[in-house]
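Read through the structure below, which is laid out as structure tokens, and then see the notes.
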Amino acid sequence: MKKYQKLKNPLLFGTLLLTASGVLCRVIGFLYRIFLSRTIGAKELGIYQLVFPISVLLLSLCSSGIQTAISNFVAGRNAKKDNSLPSSRCILGVGFLFAGTLSVLFTLLLWNNAEFFAELLLDDIAYSDHLRIVALYTVPASVHACIDGFYYGKKQAVVPSLSQFLEQLGRVVGVYIIHLVVSENGGTLSAAHALWGLVIGELFGLLTGLISFYFLPGVGRTASHPRSLREKAVSLQKAAGEALRFAPRMLAYSVPLMFNHTLLHLCSCAENMMIPGQLQRYGYSSSQALEIFGILSGMVISVIFFPCVLTNSMSVLLLPAISEAKAVGDADKIHSYVRRSVVYGLLIAFFFTLAFLCTGHFIGDILFDNATAGSMICRLSWICPFLFVHSLFSGILQGLGKVGQVLFINILSFGIRVGALFLLVPAYGEAALMWGMILAQFFCVVADLFTVWKIRI
């Protein structure tokens, strides 16, 4: 009976479901990276990794803060039954309005000025077509993020898990079909084709979310509808009034989060653009530097971050769970979440650190056919304990409303990585780059622990 009750726990069940979906997606994604590394090569993979962060940056600008706000407000509405909050569907509608408007504006801006941004951000106008593909990804990804935030707030992880899986599957199948068509015509797969996979996959995920939202009773639609035009007009007027009153509150919560995510991804984009140049200062040619960058970001990072699906799933669901506990003043529940998160995070981290140390060379040689990748996996395996625990603490701190502290910690972490990039990489190469990453994550965990201790929940 106790075991059955545990399975009914929405945080536990949701974490398990998201983790299972995430593991499956990571396995597919991992195989996909192997496929890309063998078909487009390290250099094109490096180009893909240079352009890909811009898609993440656009998503941060358009929907990252809004998704978290939707999740937080929907969770608070469910926990407190607070009449000051509108209905869950109204919260989602306001999120749709903001995210949809922003995503359309940024899509048009990037599409019409792709050459300018290619030269400004990537220092090469040849990447303008790549940026136009990324622009098409922004609208469906932003709307999809809002739907996922709605379901996370309701602690219903089935739909996000399913859409996550179909998104990944659509991406891989789409690129594979492109590969078959291109090969049939005597061409080869390129970074641009891989970026089209992002768009195809996101359309699959969005379609899944929209269908589920409409057809699930009690969530996307209700059993009763106004019968007359007058009732419909009154209902619409009431909903519009609720939305107008709630919109400033949504903005006040989401803008700092958006600033947080955007600043972090701007830092990430800047870091990615600086890495090839610093590797050239170490002694690599332009082509060699791009290959090393492709190996590190496209092969090694995909392996090291593979287990993050376990902690990321828990972190995503920790935010609304802690928001609920905070809303009702349940400090014991918050303490329990924090303790368990740290223990589980460390257990997972030490297991995978040992696993990567023992199998890193095997993974590089057999899966990627690249000895350099194997050596890098072994070196970077020491980041796992700090990486996983920091991921969990980010969810905890955001659930406690400490968005500013999370931003400050991540900015300082970026400063450490950039310091290593400029001061050490020209002298010690890619090894210094990896040790800078490890040191930055270690700092994040120390700062997280200090911040949580200061809060004295």
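Values reported hereafter were calculated over all heavy atoms of this structure, with side chains retained and with hydrogens, waters and symmetry mates removed.
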Quick check for you: to the nearest 0.5 Å, what is the distance between [X] atom [atom1] and [Y] atom [atom2]?
X      : Y      : atom1 : atom2 : value
Ile178 : His193 : CD1   : NE2   : 6.5 Å
Glu291 : Asn370 : CD    : CG    : 9.0 Å
Leu195 : Arg171 : CG    : CZ    : 10.0 Å
Gln168 : Leu31  : CD    : CG    : 10.0 Å
Phe96  : Phe150 : CZ    : CZ    : 9.0 Å
Ile363 : Ile304 : CD1   : CD1   : 8.0 Å

Side chains of His361 and Ser375: donor-acceptor distance under 3.5 Å anywhere? no
Would you say the side-chain atoms of Glu430 and Tyr284 include a donor-acceptor pair closer than 3.5 Å? yes
Donor-acceptor under 3.5 Å ([X] side chain, [Y] main chain):
X      : Y      : value
Ser128 : Ile125 : yes
Glu167 : Gln164 : no
Ser71  : Gln67  : no
Arg132 : Trp111 : yes
Ser391 : Leu387 : no
Gln278 : Leu421 : yes
Thr359 : Phe362 : no
Ser183 : Leu180 : no
Asn112 : Leu108 : yes
Ser103 : Gly100 : yes

Suppose we screen for side-chain contact (heavy atoms from CB on, under 4.5 Å). Which residues come up paired with Ala69, at least two apart in sequence or across chains? Phe73, Met250, Tyr253, Ser254
Atom [atom1] of [X] with >12 non-hydrogen neighbours under 6.0 angstrom:
X      : atom1 : answer
Phe386 : CZ    : yes
Phe35  : CZ    : yes
Phe442 : CZ    : no
Phe443 : CZ    : yes

Closest non-hydrogen atom pair between [X] and [Y], with its separation:
X      : Y      : value
Gly360 : Cys378 : CA-SG, 3.7 Å
Thr451 : Ile409 : OG1-CD1, 3.8 Å
Leu136 : Trp196 : CD1-CH2, 3.6 Å
Leu346 : Val389 : CD2-CG2, 3.7 Å
Glu202 : Pro140 : CG-C, 3.8 Å
Ile40  : Ser190 : CG2-N, 3.9 Å

Take Leu290 and Ser286 through the test side-chain contact (heavy atoms from CB on, under 4.5 Å) and record every step on the way to the result. CA-CA 6 Å; Leu290 202 55; Ser286 175; 5.8 Å; no
side-chain contact (heavy atoms from CB on, under 4.5 Å) with Tyr137: of Leu58, Leu203, Ile54, Leu59, only one passes, and it is Leu59
So [Y] and [X], do their side chains get closer than 4.5 Å, heavy atoms only?
X      : Y      : answer
Val425 : Arg281 : no
Met376 : Ile292 : yes
Leu439 : Trp435 : no
Thr138 : Ser55  : no
Ile147 : Leu206 : yes
Leu357 : Trp382 : yes
Ile177 : Val173 : yes
Ile301 : Leu380 : yes

Qualifying residues under side chain to side chain donor-acceptor pair (under 3.5 Å), relative to Tyr282, sequence neighbours excluded: none
After noting the C-alpha distance and the side-chain angles of Phe52 and Val134, does the key distance pass the side-chain contact (heavy atoms from CB on, under 4.5 Å) rule? CA-CA 8 Å; Phe52 175 75; Val134 167; over 6 Å; no
Between His130 and Tyr127, is the ring centroid distance below 6.0 Å? yes
Determine, stepwise, if the pair Tyr152 / Val74 fulfils side-chain contact (heavy atoms from CB on, under 4.5 Å). CA-CA 9 Å; Tyr152 289 140; Val74 169; over 6 Å; no
Run Leu198 and Tyr48 through side-chain contact (heavy atoms from CB on, under 4.5 Å) and show every step you take. CA-CA 11 Å; Leu198 286 178; Tyr48 175 81; 3.9 Å; yes
